[in-house]
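Working notes, structure below.
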Amino acid sequence: MVVPELGPWRAAGPQLERIANAVRPRLARAATAAKPRLARWARALGPWPPHLPRARSVRTWHYIAGAATAGLALAAGVVTVAGPWDANGQRTAERDRAVALQRSGGADHGGSGTTEGAPRPAPSAAPVLAGLDAMRSAVGTQQAIPGTKALSAVLGPLLNAPALGDTHTAAVVDVATGTRVYGADDNKALTPASTTKIATAVAALSALGPDHRLTTRAALEPDTGELVLVGGGDPTLTAHQNADGWASLRTLAANSAKALRRHGIHKVTLSYDTTLYSGPALHPIGVNDNLAPVSALTADEGRTDDSTSGPATRVSDPAKDAAGTFAGFLEDAGITTTPPGPSKASTRAETLATVSSPPLSALVERMLTNSDNDIAEHLARQTALASGEPGSFDGGARAISARLTKLGLPMSGAAFHDGSGLDRDDRLTADLLTGLLVTAGDPDRPGLRPVLTGLPVAGFTGTLTDRYTDSAAGVVRAKTGTLTGVNTLAGTVVDSDGRLLAFAFMASGTANPAEAESALDKTATALASCGCK
């Protein structure tokens with residue numbers, strides 16, 4: 001007999017309680033609706049046989065109890081089939097299956113999914129979107145299903161809330177068919193804020209593939225004996241004691257020291273190479289706690305504290321800071337160095353040691369879940385390099401646009417200036433945002449799936465952890481976007497009929513961010529509850 005671990009269930013207690021409170025009214029309604037139908041069935045069966053004891057009269061509470069029991073059994077079955085869950089909402093079963101296959105996909109945000117000695121995988125749930133083989137394009141041209149007017153009656157008043165400012169657009173698409181079921185100025189381009197990261201994620205995965213890794217290396221020049229720390233553009237390289245599955249600068253230094261000692265070298269001239277990227281390192285917004293200067297060599301996103309996400313004061317020169325930290329680790333390993341300076345590794349340099357990031361799928365998930373601007377800008381540059389463009393803000397913008405155009409997405413009105421959405425001159429439409437989500441769910445494009453699995457889960461993970469605490473928890477999965485006067489929300493929701501819908505709500509001219517977020521959350525919750533017919 002296998003006894004499940006209780007820790008994750010205890011940790012999820014408050015969220016499960018909220019979900020139970022949210023579904024209780026639905027169960028009661030279902031019980032009330034079922035009562036006449038059961039009565040008709042009883043009459044159809046005819047008189048009760050006289051030789052059998054007659055059942056006691058069934059009251060309404062019996063129906064409610066039965067419905068509640070069935071609902072709880074269904075919920076338990078779904079959780080059991082889906083496999084155990086990590087604290088951050090990702091499936092342990094999927095992660096362990098990825099370990100066994102030595103492939104990306106389903107990795108949790110704290111690790112690469114390739115840990116040695118990992119437990120044997122639990123049976124993984126079938127892909128959420130495996131049955132969506134009817135979909136072949138981002139947004140189909142079919143007529144909207146019956147019930148669009150009813151959906152308009154539900155969403156229209158919510159989107160017209162004063163909290164959403166003077167301009168707003170919206171789109172809702174049935175992911176299975178690509179049918180648009182609701183649209184309100186969905187072709188009008190507005191500032192998308194951080195929902196831009198959805199576009200960056202799709203472009204990066206399309207250009208590089210979900211298994212691609214970013215490598216940082218230490219190389220020894222044969223003639224001069226110079227040791228060069230070569231940046232590979234890994235935004236998740238860390239100097240923390242516990243690397244938590246990400247590429248470790250400490251490990252790179254320790255392995256480099258071992259290789260140097262094998263060469264009989266105990267003192268080196270240390271330099272660092274950031275030539276992979278070009279153009280300005282500083283974002284047009286200037287010095288900002290939301291983003292470090294973008295460098296091909298950086299450790300812990302240039303943060304000056306121990307944080308791993310959210311705003312934090314950043315160092316002015318991430319590459320120099322990372323190289324200085326690397327020098328300290330070499331000193332600890334018995335290798336004396338000079339103060340590091342910029343240089344470029346020659347083609348003759350011998351690589352002594354390397355460390356690589358987790359697969360791109362994990363980086364995309366972390367970027368979307370935490371709305372990580374640093375990862376977004378690096379992925380834009382990596383997309384540029386893979387597309388033959390310079391590794392710069394402009395090169396990344398052109399590459400993202402080209403990749404999405406190649407995928408056949410509706411690009412009218414779209415304009416990219418960065419990968420994170422911090423640039424207020426970015427423009428996207430609700431039509432494009434829903435198209436990106438539908439494309440990510442296309443069964444013919446499994447490499448784009450991390451775009452959906454990385455979306456924050458309402459009430460559970462990332463930027464939605466503290467939202468939806470009293471409604472739609474666990475049902476809505478969406479990327480948030482917030483700038484002064486701009487609030488956006490784009491993601492997926494399962495409606496009351498069990499259909500997977502992609503939605504995008506964009507608002508401009510908002511005055512109160514908290515009120516605007518609440519209005520968007522109410523709209524997404526209503527979409528989850530309505531059934532669309």
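As the structure is a computational prediction, the values presented were derived from the model and not from experiment.
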Quick check: closest heavy atoms across Leu432 and Ala414, and the distance to 0.1 Å? CD2-CB, 3.9 Å

So for atom CG, which belongs to Asp425, do other residues, nucleotides or ligands contribute more than 12 heavy atoms lying within a distance under 6.0 Å? yes

Roughly how far, to the nearest 0.5 Å, is CG of Leu190 from OG of Ser508? 6.0 Å

With a 4.5 Å heavy-atom cut-off, do His168 and Phe505 have their side chains touching? no

Would you call Asp431 and Arg180 a salt bridge, taking side-chain N to carboxylate O under 4.0 Å as the test? yes

Got a sec: does the CG of Asp306 have more than 12 other heavy atoms crowding it under 6.0 Å? no

Quick check: does any side chain N or O of Thr177 sit under 3.5 Å from a backbone N or O of Thr179, one acting as donor and the other as acceptor? yes

If you look at every heavy atom in Arg217 and Thr354, which pair is closest and at what distance? CB-CG2, 3.6 Å

Can any side-chain N or O of Thr469 pair as donor or acceptor with the backbone N or O of Asp466 at less than 3.5 Å? no

Test side-chain contact (heavy atoms from CB on, under 4.5 Å) on Val173 and Leu501 and set out the steps. CA-CA 6 Å; Val173 176; Leu501 303 176; over 6 Å; no

Side-chain ion pair, Asp372 and Lys197, N-O less than 4.0 Å: no

Donor-acceptor pair, side chain of Asp186 and main chain of Ala171, under 3.5 angstrom: no

Side chain of Asp174, backbone of Gly178: donor and acceptor closer than 3.5 Å? no

Can you give me the closest heavy-atom contact between Ser295 and Thr298, atom names plus distance? O-CG2, 4.2 Å

Donor-acceptor check, side chain of Ser401 to backbone of Ala397, threshold 3.5 angstrom: yes or no? no

State whether a side-chain donor-acceptor pair under 3.5 Å links Thr463 with Ser371. no

Would you sort out whether Arg427 and Thr191 count as a side chain to side chain donor-acceptor pair (under 3.5 Å), showing the intermediate values? CA-CA 5 Å; Arg427 293 290 185 272; Thr191 303; 2.8 Å; yes

So which atom in Ala362 and which in Pro358 form the shortest heavy-atom distance, rounded to 0.1 Å? CB-CB, 3.9 Å

For Leu229, run the side chain to side chain contact (heavy atoms under 4.5 Å, CB included) check against Asp273, Thr216, Thr274 and tell me which one passes. Thr216

In the structure I gave you, are the side-chain heavy atoms of Glu226 and Ser343 within less than 4.5 Å of one another anywhere? yes

Taking the side chain as everything from C-beta on, heavy atoms only, tell me whether Leu407 gets closer than 4.5 Å to Val202. yes

Would you please test Phe329 and Thr251 for side-chain contact (heavy atoms from CB on, under 4.5 Å) and show each step? CA-CA 9 Å; Phe329 294 151; Thr251 298; over 6 Å; no

For the atom pair CG (Leu422) and CG (Asn373), what is the distance rounded to the nearest 0.5 Å? 4.0 Å

Are Leu214 and Leu363 close enough that some pair of their side-chain heavy atoms sits under 4.5 Å apart? yes

Residue pairs fulfilling salt bridge (Lys or Arg N to Asp or Glu O under 4.0 Å) with at least one residue in residues 384-407, sequence neighbours excluded: Glu389-Arg398

Rounded to the nearest 0.5 Å, the OG1 atom of Thr196 sits from the CG atom of Asp423 at a distance of 9.0 Å

From CA spacing to verdict: side chain to side chain donor-acceptor pair (under 3.5 Å), Thr215, Ser356: CA-CA 4 Å; Thr215 299; Ser356 295; 2.7 Å; yes

Let's go through Met506 and Thr167 carefully: what are the C-alpha distance in whole Å and the side-chain angles of both, what is the deciding distance for side-chain contact (heavy atoms from CB on, under 4.5 Å) to 0.1 Å, and is it a yes or a no? CA-CA 8 Å; Met506 309 180 72; Thr167 304; over 6 Å; no

Gap separating the CG atom of Asp418 from the OG atom of Ser392, nearest 0.5 angstrom: 12.0 Å

Note: Thr488 and Ala193 closest approach over all heavy atoms is OG1-CB, 4.3 Å

Is there a side-chain contact between Val315 and Pro318 in this structure, where contact means two heavy atoms from C-beta onward sitting under 4.5 Å apart? yes

Find the distance between CG (Leu437) and CG (Leu452) and round it off to the nearest 0.5 Å. 6.5 Å

Ring centroid separation His283 to Phe393 under 6.0 Å: yes

Quick check: do Leu489 and Phe503 have side-chain heavy atoms less than 4.5 Å from each other? yes

Checking side-chain contact (heavy atoms from CB on, under 4.5 Å) for the pair Thr461/Arg477: CA distance, chi angles, key distance, verdict? CA-CA 9 Å; Thr461 63; Arg477 301 190 67 150; 5.9 Å; no

Main-chain N/O of Thr484 paired to Arg424 side chain as donor or acceptor, under 3.5 Å: yes

Are Tyr277 and Glu377 close enough, and set up right, to give a side chain to side chain donor-acceptor pair (under 3.5 Å), and what steps lead you there? CA-CA 11 Å; Tyr277 292 167; Glu377 295 302 346; over 6 Å; no

Any donor-acceptor pair under 3.5 Å linking the side chain of Glu221 with the backbone of Val228? no

Residue that, paired with Arg314, satisfies salt bridge (Lys or Arg N to Asp or Glu O under 4.0 Å) out of Asp289, Asp300, Asp374: Asp374

On a heavy-atom basis, the closest approach of Pro293 and Ser316 is CG-O, 3.6 Å

Side-chain touch Ser194/Lys479, heavy atoms, less than 4.5 angstrom: yes

Could you walk me through whether Thr510 and Asn487 pass the side chain to side chain donor-acceptor pair (under 3.5 Å) test, one step at a time? CA-CA 7 Å; Thr510 59; Asn487 291 88; 2.8 Å; yes

With the side chain counted from C-beta on, respond yes when Thr383 and Thr200 share a heavy-atom pair under 4.5 Å apart, and no when they do not. no

